Amino acid sequence: MRHVKAIVFLLLLVTLIGLLVYIQDWDEESIPVTLHDQLSLVEQSDSIIQKDEFDSLIADRPTPLSALFQDYEANVESDAITLKKSNQIVGKYPLNKLFIQQIILADLNDDDVPECWILGLKHSKKTEIFALTIQAGHVKRINFPTLKGRQAFGYMGKDSLYLDKSTLARQFEFANDPYSDIESGHRVCYYQFGKDQSFVLKKTLDL
């Protein structure tokens, strides 16, 4: 009986040792990675990168431009500028691939119909400035004066518009102007807009 117990104990001990060796070998065994697994991992990585890029584009996408004046409203959409009065559309103007940077709604000539002053960039990076107004139920475009003579010397771009009392000011950078008291800086041209829809250059300042 004592011999039988010794034999059973030895068998259990050998079985336990064998089981421990098997578990250790199984843990150390490398798991094969197939080409399909590698391609799936690459596709998942590319998908994550594309999503990050898309989220970045969405975050950087400019918000819609709009302007208000009394009961008038102007909104820049993807392909047109919409003019409204009392929430009713009174006109639309196609943009023709013009990138709008700024709009201002104001009645500079006191005719009770505001002008929508627009500053944009063409694909050639050339600045385009004009105004839209409603006349006889239709949208009318008013071209802004081009820079001439003294105002155009050393023009470097980066234009902006703002209202100064009853005038519309166009500001831009200039450089290497031999006729200016300062060689480089910012130039501001102040325009008055008349009831006959003409422009008068009131003054020019170099800052």
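Predicted, not measured: the structure shown is a model, and the values here were computed from it.
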Is there side-chain contact between [X] and [Y], with at least one heavy-atom pair below 4.5 Å?
X: Lys92; Y: Glu77; answer: yes
X: Leu108; Y: Glu115; answer: yes
X: Leu98; Y: Leu121; answer: no
X: Cys189; Y: Leu201; answer: yes
X: Leu83; Y: Glu73; answer: no

With the 4.5 Å side-chain cut-off for hydrophobic clustering, are [X] and [Y] part of the same group?
X: Phe153; Y: Phe172; answer: no
X: Val113; Y: Ile104; answer: no
X: Tyr155; Y: Tyr179; answer: no
X: Leu147; Y: Phe193; answer: yes

Taking the basic N atoms (NZ, or NE/NH1/NH2) and the acidic carboxylate oxygens, is any pair closer than 4.0 Å for [X] and [Y]?
X: Asp177; Y: Arg150; value: yes
X: Arg141; Y: Glu128; value: yes
X: Lys195; Y: Asp111; value: no

From CA spacing to verdict: side-chain contact (heavy atoms from CB on, under 4.5 Å), Leu68, Leu105
CA-CA 6 Å; Leu68 296 171; Leu105 207 55; 5.5 Å; no

Of Trp117, Phe199, Tyr93, the residue whose pairing with Phe130 passes ring-ring contact (aromatic ring centres under 6.0 Å, His included)
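The option that passes is Tyr93.
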
For a side-chain contact (heavy atoms from CB on, under 4.5 Å) check, start with the C-alpha distance between Asp79 and Leu95, then their side-chain angles and the critical distance, and finish with the verdict.
CA-CA 5 Å; Asp79 57 353; Leu95 291 178; 5.7 Å; no

Cationic tip of Lys203 within the cone over Tyr190's six-membered ring, i.e. under 6.0 Å and within 45° of the normal?
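Yes, cation above the ring, under 6.0 Å and within 45°.
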
Under 3.5 Å, is there a donor-acceptor pair between the [X] and [Y] side chains?
X: Asp159; Y: Thr127; result: yes
X: Gln197; Y: Lys140; result: yes
X: Gln151; Y: Thr204; result: yes

Of all heavy-atom pairs between Ile103 and Cys116, which one has the smallest distance, and what is that distance?
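Scanning both residues completely, I find the closest heavy atoms to be CB-SG, 4.4 Å.
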
Shortest non-hydrogen separation from Ala175 to Met156 and the atoms involved
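Answer, listing the atom of Ala175 first, then Met156: N-CG, 3.7 Å.
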
From [atom1] ([X]) to [atom2] ([Y]), nearest 0.5 Å:
X: Tyr162; Y: Arg170; atom1: OH; atom2: CZ; answer: 13.0 Å
X: Ser198; Y: Tyr191; atom1: OG; atom2: OH; answer: 13.0 Å
X: Gln171; Y: Asp164; atom1: CD; atom2: CG; answer: 11.0 Å
X: Leu168; Y: Ile129; atom1: CG; atom2: CD1; answer: 8.0 Å
X: Glu173; Y: Ser184; atom1: CD; atom2: OG; answer: 9.5 Å
X: Ile142; Y: Thr133; atom1: CD1; atom2: OG1; answer: 5.5 Å

Output, in order, the C-alpha distance, side-chain angles, deciding distance and verdict of side-chain hydrogen bond (donor to acceptor under 3.5 Å, both in side chains) for Asp206 and Ser180.
CA-CA 7 Å; Asp206 289 348; Ser180 176; 2.7 Å; yes

Step by step, work out the side-chain contact (heavy atoms from CB on, under 4.5 Å) result for Ile118 and Gln102.
CA-CA 6 Å; Ile118 300 159; Gln102 189 178 4; over 6 Å; no

CG/Asp196: more than 12 non-hydrogen atoms of other groups inside 6.0 Å:
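More than 12 heavy atoms, drawn from other residues, nucleotides or ligands, come within 6.0 Å of this atom.
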
So does Asn143 have more than 12 non-hydrogen atoms from other groups sitting under 6.0 Å from CG?
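Counting other residues, nucleotides and ligands, CG of Asn143 exceeds 12 neighbours.
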
